[in-house]
Amino acid sequence: MDKQTAAHALTGEEARIEHLDVLIVGAGMSGIGSAVHLTRQSPWASFAILDAFDGHGGTWWSNVYPGARSDSDLFTYGFSFKPWEGAPLARGEPIKQYMGEVIAEYDLAERIRYRHKVVRADWSTEHAHWTVTAERDNGETVTLRANFLWMCQGYYRHLEGFTPDWPGMDTFRGDIIHPQRWPEGYDYAGKRVVVIGSGATAATVVPAMADAAAHVVQLQRSPTYYVAAPNEYPLATQLRRLDIPREWIHEIVRKQIQLEHEDFIAKCLATPDDAARDLLAGVNQALDGKMTDDFVPTYKPWRQRICAVPDGDFFNAIKEGKASVVTDEIDAFVPEGIRLKSGRVLEADLIVTATGFNVSAFGDIEITKDDAPFDMTKTVTYRGMMFTDTPNFAWIIGYFRAGSYTLRIDVVGELVCRMLNTMREKGLRTVTPQLREEDRDMELRPYFHTDEFNAGYVERAAAIMPRSGTKALWRHSQDYHADRTEFPAIDFDQEPLAFR
């Protein structure tokens, strides 16, 4: 084949690669919500959604452990544009059904390509686009191109939870299961169960397993804060009885819960001792006045997420004698269970390691520029959603302290679409955050600034994440209400964004 023929062949091959305006990675809440924003605000844009799983849902597709449910209310966790009409806290299947309705209402099904795991994304400076490589479950490799890459795959590895390497694990005679790797149809009836952990997953798994198991012990290194309340929001119930349009109810309740949450966080930050006292009083009441030190945390409220206990199910299991809590540290696994540093042995047939998850920066996708390695940990985040020296690239990381993680979908979605529309109107091809001269000596910190939020997964993630700065423009605010006010008012001409 001569050079001219080869050039024509290459051109033909290139022509067969699908080219999109926007490529969304992830078909969970963030991906579906972002797709709706594109559909409504940028209807001109061609786009597709790639997801590694067999169906939509993200977290709710992969998390199938006993009792898996949201730890945020669905009025604020749900989409602003789609009323939630169920109980405030819901399990995975109703949430997936809710998302499925959104997919149908906005004709997104044909946009979503399941079983496409994105493994590489390369930015071409010359052509101003991303070349994305995805692997299908049959081993086939698929290549797409997109002008803008919108990362909505979340922030942790869905199928690989964090489990410490305790001594003697290989000697234990029973089963060891991390909730993120829960086997389908696993039968734990009659088993003695130890659940290691003190977060929302442990508080969910313990009551869900308590009825069928012989007994469930929650083993924690230190206690956490809980809020027990009926799984009902009285204002929503009252408004529904008045036959008010469901869209109004959703918006009213959503705003009211946000206001209550904002007030509560302000109290936790301003008077943490008072907030702790109130939280512990609620736990004591839920335990019929028999609260022990196993429920008294050593840290201030909202340094880690507070566990919601709908209908008091976690505490009910304890009061009924079906579950118990032990505060101690693990010395080693032994054949019959776990030996604690106190010398006590917890006998078990099943050990559930509800010990958190591993943060995944950008879905563990290899990101390159012009086919050369590109270290995202050297970049600095712009408003928690874009990154210096990384053109046409956005990532949705939700709020950890602002109640519902997914409130971030709206503020980022609206801003990204406004960027895309501005570029189209002005004939521009790229947008890239760039540090200003006055920012270059700014102190750099971890993306998740641990003085504000010190969950274990946050601390473990510092080395693999981009950096943040001390100035508001160069950090994730973790403040929904501030973002909700500031983002719509952003004047691109006044921002550290290079449009070309």
Does [X], at its [atom1] atom, have more than 12 non-hydrogen atoms belonging to other residues, nucleotides or ligands within less than 6.0 Å?
{"X": "K471", "atom1": "NZ", "value": "yes"}
{"X": "D165", "atom1": "CG", "value": "no"}
{"X": "R241", "atom1": "CZ", "value": "no"}

Determine whether the aromatic ring centres of residues [Y] and [X] are separated by less than 6.0 angstrom.
{"X": "F53", "Y": "H158", "answer": "yes"}
{"X": "F162", "Y": "Y156", "answer": "no"}
{"X": "H476", "Y": "W395", "answer": "no"}

Is a side-chain donor-acceptor pair under 3.5 Å present for [Y] with [X]?
{"X": "T237", "Y": "E232", "value": "yes"}
{"X": "S324", "Y": "H215", "value": "yes"}
{"X": "R383", "Y": "S468", "value": "no"}
{"X": "T327", "Y": "Q220", "value": "yes"}

Side chain Q180, main chain R157, donor-acceptor under 3.5 Å
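Yes: the side chain of Q180 pairs with the backbone of R157.
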
Whether the side chain of W61 engages the backbone of V64 through a donor-acceptor N/O pair (distance < 3.5 Å, no angle test) should be reported.
no

Can you find a pair of side-chain heavy atoms, one from M29 and one from T59, that are under 4.5 Å apart?
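No; the side chains remain at least 4.5 Å from each other.
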
Looking at side-chain heavy atoms only, is the closest gap between C152 and S34 below 4.5 Å?
yes

Worked check of side-chain contact (heavy atoms from CB on, under 4.5 Å) between I351 and I338:
CA-CA 9 Å; I351 296 173; I338 297 175; 3.6 Å; yes

Would Q256 and E260 satisfy side-chain hydrogen bond (donor to acceptor under 3.5 Å, both in side chains), going step by step from the backbone distance to the final call?
CA-CA 6 Å; Q256 179 63 25; E260 292 171 358; 3.0 Å; yes

In sequence, state the C-alpha distance, the side-chain angles, and the governing distance for S198 and Q218, and then conclude on side-chain hydrogen bond (donor to acceptor under 3.5 Å, both in side chains).
CA-CA 8 Å; S198 60; Q218 179 190 350; 5.3 Å; no

Should the pair R475 and Y382 be classed as cation-pi, given the thresholds of under 6.0 Å to the six-membered ring centre and 45° from the axis?
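Ring-cation test returns no.
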
Cation-pi check, R254 to F75: give yes when NZ or CZ is under 6.0 Å from the six-membered ring centre and within 45° of the ring axis, no otherwise.
no

I'd like to know whether Y480 forms a side-chain contact (heavy atoms from CB on, under 4.5 Å) with R408, so could you lay out the CA-CA distance, the side-chain angles of the two residues, the decisive distance to 0.1 Å, and finally the verdict.
CA-CA 7 Å; Y480 168 72; R408 184 81 167 166; over 6 Å; no

Option from F393, W150, Y155 for which ring-ring contact (aromatic ring centres under 6.0 Å, His included) with F362 holds
F393

